[in-house]
Participant: 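Questions regarding the structure given below will be posed in turn.
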Amino acid sequence: MPRDLILGTAGHIDHGKTALVKALTGIDCDRLPEEKARGITIDIGFASLDLGDFRLGIVDVPGHERFIKNMLAGATGIDLAVLVIAADDSIMPQTREHLEILGLLGLRHGVIALTKCDLVDETTREVVEMEAHDLVRDSFLADAPIVRTSAHTGEGIPELRHAIAAACQMVEERSGNEWFRMAIDRSFVVQGHGTVVTGSVTSGSLRVGDEVEWQPRGEQVRVRSLQNHDQAVEEVHRGMRAAINLAGVRHDDVIRGQELATPGYLVPARTLTVRLHCLADVKRPIKHRAPVRFHVGTSEIMGTVSLLDCDTVEPGQWGLAQMFLEEPATSSWGQPFVVRGVSGTQTLGGGQVLQPVAKKIRRRHLEILERVERLWTGDAVQRALTVAWFGGFSGFVLADLVRGANLGPDQAGEMVRQLEKAGSLVDVGLGGSRHLVLHADMVPELDERILHALSRLHEQFPLMTSHDRQKLQSHLDYVGDDGLVQAAVERLIQRKKLVGDLRRIARADFKPKLSASLRKLKDRLVAAFREARFQPPEPESFAGQAGGNAASLKDLFDVCVAEGHLSPISDGLYLHADMESEMRCLVAAKLKGSSGLTVAEIRDLLGTTRKYAVPLCEYLDKVGVTRRQGDLRVSVG
């Protein structure tokens, strides 16, 4: 079977890119009336070329500086390029800029076509060839052949075909386990069929009837039909131009820059971590907080550069950065991007995406920056572990490894199993059938956070023997799922770092600072509240019994509440916990079949006085046992 690849053109305006494509394929890529009228290419155009062993989808791009964003959209997903240089004009600004952009997009193969050779003499051809060699000396086209051509006379067209075929042989094959991706570069309506979107398939394959995710909208849509260069097909795959008829999609909702992908892998994000290169020939460095136009896929989004390891990226240098975008972008690890000035007149640089979905990183944070570096310098194992580490206590899913570590969908699961076996990843049970996979470093860090949080609580409440588990959660810095915290608590209890039960816990090495006299006072206090039932004593009434411990009386009440002996009703009013529970049951039972109870009736039911009945009724309202309705308390149920 012939191999499918995408070929892109590049070069300055009026250097004959479109004419050259027509000479190669017989197809005129200028499809817009304005292009016909003005004689220049404004938007990207498309053609196909059969070279026997290779079937090429050709993307012809505009050469005018005003339409660089269209050129960038067309250059997405191309496998090789033809750099077009007119023999009668030689090297011009967009010749250089297009070459720089192709380098930033990661192209490695191509051909140089010297066009309009029929308009100049041999000496001029040789001079322009020398200038072309100088231009590409340090680029991916350094060893590319230069083919002299004329679209008008047909000179060099067969030789150019041969040179393109030879370049195609050098393009690396990709694995067949990729997930489908296609950035949308055009859309239109076909009467009776609905919305059709087009683009270059950059990975994976798609069949009629498949569901794809429409990003950044996050909607799943069905593929109604497929075409490749106006021919109906059952499947499209990487290296093909595709026209996809989508069911239930309004044309007005489709814009260039959106993307179709296998569901579950792409996640739109406004913050991306990248490695950023500043072009060597720009006049000024890229500065921290510089506003830019960010081009990734077929999208152009305004954003701000946040440099992480420096204040400026000097011309010709690299730096780590985050992009803060005004609109969400979809990308994956290693995906190339380009940044241009806000005015859109100059390409500043570009690079590769390291974290397609990122949290804000503090500048010059050495440990984190070392981790970010591993996303580029490390192998697949290091990338996977780094994605897991950045997942923190929230963990990660296999799709995160596919998107963020450049693993195939079938590789991600096997990678996790190997890393779990090696102890680099840990599977944490959250109760029931729920599980969370964490980087191994997260486990001791979580343990340490729990122990530190309990230490703070013990310092704050030195008289309390233990603390409520839920209270611990509120004193922890965010660590994700409550089940994860409780699993860590159980592990620490088993390791005898903590002591406790299902409700309350404490550090095993903590001893409450309750003297013997305070312990006796606490026991008397609890007994007094139990005996008093619904006419509890005033806290101040124990001052005489406290003697020298009177200053600790409030803390002692806090201890009784924390340990579950007393329930706070209102300021300075407590019930024994058993009495609070009995009060709920008595009132709830009395309300059954009743139209409501007055405060006096509740007072009599509890055998108390109005002094206590009013705050007790208000408490019952607050905890949801009763609801006030005029002068009555009625059942909430």
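None of the values given here were measured: they were computed from a predicted structure.
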Participant: Are the side chain of H277 and the backbone of Q317 linked by a donor-acceptor contact shorter than 3.5 Å?
Facilitator: yes

Participant: Will you find, in the side chains of D185 and T198, an N or O donor that is under 3.5 Å from an N or O acceptor?
Facilitator: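 There is such a pair between these side chains.
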
Participant: Enter the distance from L135:CG to I112:CD1 here, rounded to the nearest 0.5 Å.
Facilitator: 7.5 Å

Participant: So how far is it from T76 OG1 to Q335 CD, rounded to the nearest 0.5 Å?
Facilitator: 7.5 Å

Participant: Inspect the contact between R207 and E235 and indicate whether a charged nitrogen and a carboxylate oxygen are less than 4.0 angstrom apart.
Facilitator: yes

Participant: Between D309 and R275, does at least one N-O distance fall below 4.0 Å, as a salt bridge requires?
Facilitator: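 R275 and D309: not salt-bridged.
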
Participant: Using every non-hydrogen atom in the two residues, find where L104 and G350 come nearest and quote the distance to one decimal.
Facilitator: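 Residues L104 and G350, closest heavy atoms: CD2-N, 3.7 Å.
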
Participant: Do the numbers put R108 on top of the ring of F140, so that NZ or CZ is under 6.0 Å from the six-membered ring centre and no more than 45° off the axis?
Facilitator: no

Participant: Would you call R238 and E178 a salt bridge, taking side-chain N to carboxylate O under 4.0 Å as the test?
Facilitator: no

Participant: So for atom CZ, which belongs to R284, do other residues, nucleotides or ligands contribute more than 12 heavy atoms lying within a distance under 6.0 Å?
Facilitator: no

Participant: Can you measure from OG1 (T25) to CG (D60) and round to the nearest 0.5 angstrom?
Facilitator: 9.5 Å

Participant: Test T347 against every option in E97, R293, E100 by the side chain to side chain donor-acceptor pair (under 3.5 Å) rule and name the one that passes.
Facilitator: E97

Participant: So does R241 pair up with D230, basic N to acidic O under 4.0 Å?
Facilitator: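 Looking at D230 together with R241, the answer is no, because their closest N to O distance does not fall below 4.0 Å.
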
Participant: Is R3 salt-bridged to D79, cutoff N-O under 4.0 Å?
Facilitator: no

